[in-house]
Amino acid sequence: MKAASGSEVKSDTSRSSARAAAFMSLAVLALAQLGVSAENGAFSVAMSEMMRVFSCSVSDVQLASTVYSLMAGTFMLASGLLGIMIGWRRLFVAGVILITGGEVVAAVAPTIDVLIWGGRMLVGVGASLVIPSVLGMVPLLFEGAQRKQAYGVIAGSAALATIVPIPLGMLIDNFGFRVTFGILAGYFLILAVASRALPPSCPHESKTFDIPGIILASLGLFAVMFGLSRVSAWGVTEPLPTAPFTIAGLSPALFIAGAGLVLLVVLVPVEAWMEQRRGVALLPSCFVRNAQVRSGLVAIALPFFYMGAQGLVATSFYQLVAGFDGTKTALLGIISGVPMLLLATFLPRKFPHLNPWAVVRCGYISIAASALLTAFGVRESSLSLVILAGTLLGGIGVGLVNSQANNLVASAVPARAAQQSGGIQGAARNLGLALGAAAMGSVLLIAVNTGLDARVNSLTTLPESVQSALEDVVYTYESDAMFARSLEALGVDDADAEQLMEDNREVRANAGAMAMGTVAAVSALALFTTFPRRKQEELQPTQ
């Protein structure tokens with residue numbers, strides 16, 4: 001046998017070192033994805049503790065969550081180009097430092113306003129830099145089957161974050177949210193130091209920055225997500241009392257979201273002109289014209305649409321109907337989180353030759369079945385095996401889709417665009433989540449109010465003054481105790497109150513079922529997007 005030459009041994013050693021460095025970088029990226037996802041979960045678990053410490057309302061804490069989502073989503077597309085221009089490691093470090101600062105502000109905030117406009121805003125902007133960096137650096141580090149596996153690890157890290165709120169909840173219960181946010185600040189500071197393991201990617205040689213695209217994309221994304229987030233507070237079409245103004249007598253929420261959508265539509269021809277004239281575009285034409293990219297973005301958005309709807313409808317059911325506290329609700333996350341983690345992480349590694357679109361179709365079917373089971377489950381007055389089975393199927397479906405979706409987008413475009421696609425992938429995530437929560441919030445709002453108004457009108461024993469007062473009430477999906485207090489405040493007598501309580505249970509169940517039935521329909525319709533014109537097997541970057 002011929003002995004290996006010194007140059008061959010040196011080459012093997014070099015390749016081994018390069019692989020080790022790449023997987024060390026992947027570990028840092030996975031921990032960053034886990035941290036960003038878990039941080040948002042920790043904030044949700046800490047809501048009641050913050051209300052107690054700051055003596056604030058639920059709407060104040062919800063505003064803090066909205067500010068985070070708006071900041072995180074608004075700059076996602078811009079970050080995709082910024083990473084190309086200045087280098088991914090610099091963008092990643094900037095994002096992690098902003099998140100660290102935001103956690104420190106949240107930990108020491110003297111008022112809820114400081115926490116909202118200081119802590120949550122900084123964390124949101126930081127997340128808008130970190131997530132595109134994570135998704136954009138994977139194509140820089142890996143190719144082919146290894147890239148698909150790496151994206152699976154990133155998706156698995158996001159799935160693991162559904163379980164992390166359990167220990168974080170225990171930490172909050174024992175030491176408070178300030179200590180918890182302080183520990184999270186330390187976590188992200190360690191990530192900033194660990195970022196030295198990431199490759200110092202060379203910035204793009206062009207110094208031209210797409211200012212028109214940045215403005216249009218940021219304003220458009222902000223308006224869409226802000227409008228959607230205000231639907232449940234301001235009303236769908238008929239304005240609620242909390243709406244700050246009206247447009248032609250209607251709620252401004254959908255008008256604002258529609259204006260943002262118009263800006264995003266205008267963005268497409270503007271970006272085509274920028275790419276043709278200057279060679280740099282926030283939204284390259286290969287993203288717009290490529291059928292596989294469009295279908296892949298649907299595959300990225302749909303699981304988050306489902307999770308936004310599930311988080312609104314199922315969590316409301318758990319806490320307001322079944323009477324679960326935050327810890328028990330978080331424990332239910334294990335049922336969906338474990339299959340999400342296992343499938344997203346190990347399916348690309350153990351079965352790399354599976355047809356990715358076949359896997360995505362199976363995922364869509366599983367998500368649709370999950371939504372249907374949940375629609376039946378929320379008709380009960382307590383937690384049942386039906387809703388648990390739906391939760392499990394949802395985790396399976398999300399895990400299947402997430403195991404393939406990111407790679408479907410990145411593998412359909414050239415190498416530079418694959419890195420830049422991290423921004424549009426992050427935007428698809430946030431839009432899916434916002435649309436899921438807003439759309440199902442609208443369904444619940446309309447169904448509950450329409451149903452209860454009809455029941456009030458049919459109850460002939462009510463005094464006219466009480467009936468008129470009940471017709472003016474804006475109803476929400478609420479517990480029996482909350483609804484009973486509202487009736488008592490309006491002076492409804494015991495007999496009528498008992499009938500209306502029963503009506504509320506039925507209307508509430510119908511509204512939850514209608515919302516999850518809508519999610520099932522959307523998931524089924526998404527199947528038609530899994531047949532892009534390009535052959536499914538052709539997953540190599542275009543030249």
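The figures that follow rest on heavy atoms only: side chains count, while hydrogens, waters and symmetry mates do not.
- Under the 30°/60° scheme for interplanar angles, the aromatic rings of F181 and F177 are found to stand perpendicular.
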Inset, instruction - For side chain to side chain contact (heavy atoms under 4.5 Å, CB included), just list the numbers for D503 and L500, CA-CA rounded to whole Å, side-chain angles, deciding distance to a tenth of an Å, and then say yes or no. - result: CA-CA 5 Å; D503 290 339; L500 286 172; 4.0 Å; yes
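- I334 approaches P339 most closely through the heavy-atom pair O-CD, 4.2 Å.
- Other residues, nucleotides and ligands place no more than 12 heavy atoms under 6.0 Å from the CZ atom of F376.
- Q310 has its side chain within reach of M516: a pair of non-hydrogen atoms, C-beta onward, lies under 4.5 Å apart.
- Taking both residues in full, the closest heavy atoms of G296 and L408 are given as CA-CB, 4.5 Å, listed atom of the first, atom of the second, then distance.
- Here F142 and F23 bring their ring centres to under 6.0 angstrom of each other.
- By the 6.0 Å and 45° rule, R508 does not stack over the aromatic ring of F317.
- Between V386 and E380, every side-chain heavy-atom pair lies at or beyond the 4.5 Å cut-off.
- Put simply, the side chain of L135 reaches to within 4.5 Å of the side chain of Y151, judged on heavy atoms.
- Residues E506 and R455 meet the side-chain proximity criterion, which asks for heavy atoms closer than 4.5 Å.
- The minimum heavy-atom distance linking V123 with E39 is given by the pair CG1-OE1, 3.7 Å.
- Smallest separation of non-hydrogen atoms from A447 and A511: CB-CB, 3.6 Å.
- T530 and V360 make their closest contact through CG2-CG1, 4.0 Å (heavy atoms, listed as atom of the first residue, atom of the second, distance).
- Listed here is the closest heavy atom pair of Q149 and P348: CG-O, 3.6 Å.
- In the displayed structure, R349 atom CZ is contacted under 6.0 Å by at most 12 heavy atoms of other residues, nucleotides or ligands.
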